[in-house]
Amino acid sequence: MVDIIDLHFQNEPEIIASYVLRGPKGVALIETGPGSTVEHLLRGLMRLGIAKEEITDILLTHIHLDHAGAAGYMARLTGATVHVHHVGAPHMINPTKLLASAKRIYGDQMDSLWGEFLAVPAEQVHVLQDGDIIDAAGIPIQAIDTPGHAYHHMAYWLDGLCFTGDIAAVRLPGYDHIRLPTPPPEFHLQLWKESIEKLRSLHPDAIAPTHFGSYEDVDAHFDQVLDKLDTLTNYLRQRALAGDSPEQMMADLPGWLADQARREGVAPEGVHRYEVVVPSYMNVTGVLRYFRKVEGIDLAAA
Ligand SMILES: [Zn+2]
């Protein structure tokens with residue numbers, strides 16, 4: 001019942017997924033990916049024999065551009081309802097602030113990375129609260145509020161299969177290695193841990209992160225997410241308390257993460273792809289912002 005479309009982000013295989021569910025009333029997508037990969041999404045749908053008129057529902061785990069960038073385009077193309085967390089919904093209808101904040105992070109690379117972002121027509125937005133059951137093309141799917149990566153993040157539950165967005169972090173097919181996307185401005189260590197325990201208590205049979213694929217060793221995966229949350233934040237906290245600058249941390253973190261990946265069996269091409277999904281500088285800026293805002297660690301330049 002679940003198909004996966006590889007969006008070939010930055011011409012790399014198996015980096016960003018869009019999941020396709022065929023229901024009795026139509027077709028639902030979980031994530032659209034960014035505007036820059038919409039051609040791949042459309043081609044993938046065509047290959048699956050799905051016409052645009054059949055798409056009735058688009059579920060977004062959150063509104064970051066790699067997940068939701070093409071939602072407005074797809075909503076206008078198909079007339080589908082876009083289901084999104086109540087905190088994220090206003091920014092899909094009026095993306096001015098969202099795009100300004102992305103522009104601060106990505107600068108000149110904004111267009112080549114993410115392509116065009118169209119607003120979702122307000123009347124096509126369905127606002128989600130924790131626990132809501134969505135009628136997605138006739139398939140009941142439950143929204144599970146899971147902050148930590150962002151305050152406006154939903155995981156989706158379909159009969160034991162959990163679409164985890166970014167809350168179960170990033171894992172590429174063929175590897176056990178997990179990498180944490182901790183972008184500014186909403187990375188939150190404590191909330192992230194609580195969200196993992198919330199999902200664990202539901203005992204999923206399998207999880208499907210947007211980056212990328214599905215995995216059945218759920219407990220081991222969750223354990224590794226928790227472990228990595230501590231390892232990464234402890235490393236950066238130590239550096240921050242020692243007075244190292246964000247620039248020094250950004251210079252060192254790619255090597256630190258690559259070593260970790262290699263130790264965990266990731267081949268060189270894999271190390272590169274993990275870095276494409278989660279650029280290390282974003283780990284630094286997201287975690288340092290959290291230290292400053294939530295833990296009250298004073299960082300002059302962060
Ligand atoms: Zn993501």
Side-chain angles (χ1 to χ4, degrees), residues 4-10 12-19 29-38 40-41 58-71 74 82 84-85 87-88 91-92 95 98-99 101-102 105-106 109-110 112-115 117 144-156 162-173 175 177-188 191-192 195-196 199 207-215 221 225 228-229 232 257 270 272-287 289-290:
I4 182 166
I5 295 176
D6 182 352
L7 298 176
H8 291 278
F9 179 63
Q10 300 293 291
E12 300 285 349
E14 300 183 319
I15 299 253
I16 302 178
S18 172
Y19 293 100
L29 302 181
I30 298 182
E31 319 282 42
T32 60
S36 55
T37 58
V38 79
H40 290 285
L41 178 60
I58 294 169
L59 287 69
L60 302 173
T61 61
H62 61 302
I63 66 172
H64 290 165
L65 303 186
D66 55 327
H67 297 251
M74 290 302 290
V82 175
V84 59
H85 192 291
V87 175
H91 303 286
M92 295 306 296
L98 172 68
L99 295 178
S101 131
I105 300 175
Y106 299 106
Q109 288 189 295
M110 182 80 179
S112 62
L113 281 172
W114 308 120
F117 188 110
I144 307 167
D145 201 348
T146 37
H149 171 80
Y151 293 134
H152 62 273
H153 188 288
M154 290 293 188
Y156 293 112
C162 188
F163 297 91
T164 49
D166 280 351
I167 197 63
V170 169
R171 179 172 173 185
L172 300 182
Y175 297 121
H177 177 69
I178 283 165
R179 182 145 163 178
L180 294 167
T182 62
E186 298 182 345
F187 164 71
H188 195 296
L191 292 176
W192 197 317
S195 290
I196 291 294
L199 293 182
I207 54 169
T210 303
H211 321 285
F212 183 108
S214 73
Y215 303 94
H221 182 110
V225 173
K228 290 248 158 80
L229 281 167
L232 176 69
L257 288 168
H272 167 73
R273 282 165 57 232
Y274 275 99
E275 179 74 23
V276 172
V277 190
V278 186
S280 351
Y281 70 88
M282 214 173 307
N283 287 127
V284 175
T285 49
V287 171
R289 190 174 199 283
Y290 169 80

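Just follow the structure's listing: the first ligand is 1, and inside any ligand the first atom is 1.
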The Zn ion (ligand 1) - number of protein N/O/S atoms closer than 2.8 Å: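 With waters ignored, the protein N/O/S count below 2.8 Å is 4.
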Is there a donor in the side chain of His91 and an acceptor in the side chain of His152, or the other way round, less than 3.5 Å apart?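 No, His152 and His91 have no side-chain donor paired with an acceptor closer than 3.5 Å.
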Enter the distance from Tyr151:OH to His85:NE2 here, rounded to the nearest 0.5 Å.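 Going from the OH atom of Tyr151 to the NE2 atom of His85 covers 12.0 Å.
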Are Tyr290 and Trp192 close enough that their ring centers fall under 6.0 Å?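 They do not qualify: ring centres at least 6.0 Å apart.
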Applying salt bridge (charged side-chain N to carboxylate O under 4.0 Å, His left out), can you list everything that pairs with Arg171, at least two apart in sequence or on another chain?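 With sequence neighbours excluded, Arg171 shows a salt bridge (charged side-chain N to carboxylate O under 4.0 Å, His left out) to Asp176, Asp217, given in chain and number order.
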Restricting to salt bridge (charged side-chain N to carboxylate O under 4.0 Å, His left out), what partner residues turn up for Glu275, sequence neighbours left out?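 With sequence neighbours excluded, Glu275 shows a salt bridge (charged side-chain N to carboxylate O under 4.0 Å, His left out) to Arg179, given in chain and number order.
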Listed partners of Tyr215 passing side-chain hydrogen bond (donor to acceptor under 3.5 Å, both in side chains), at least two apart: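 For Tyr215, no residue satisfies side-chain hydrogen bond (donor to acceptor under 3.5 Å, both in side chains) once neighbours in sequence are set aside.
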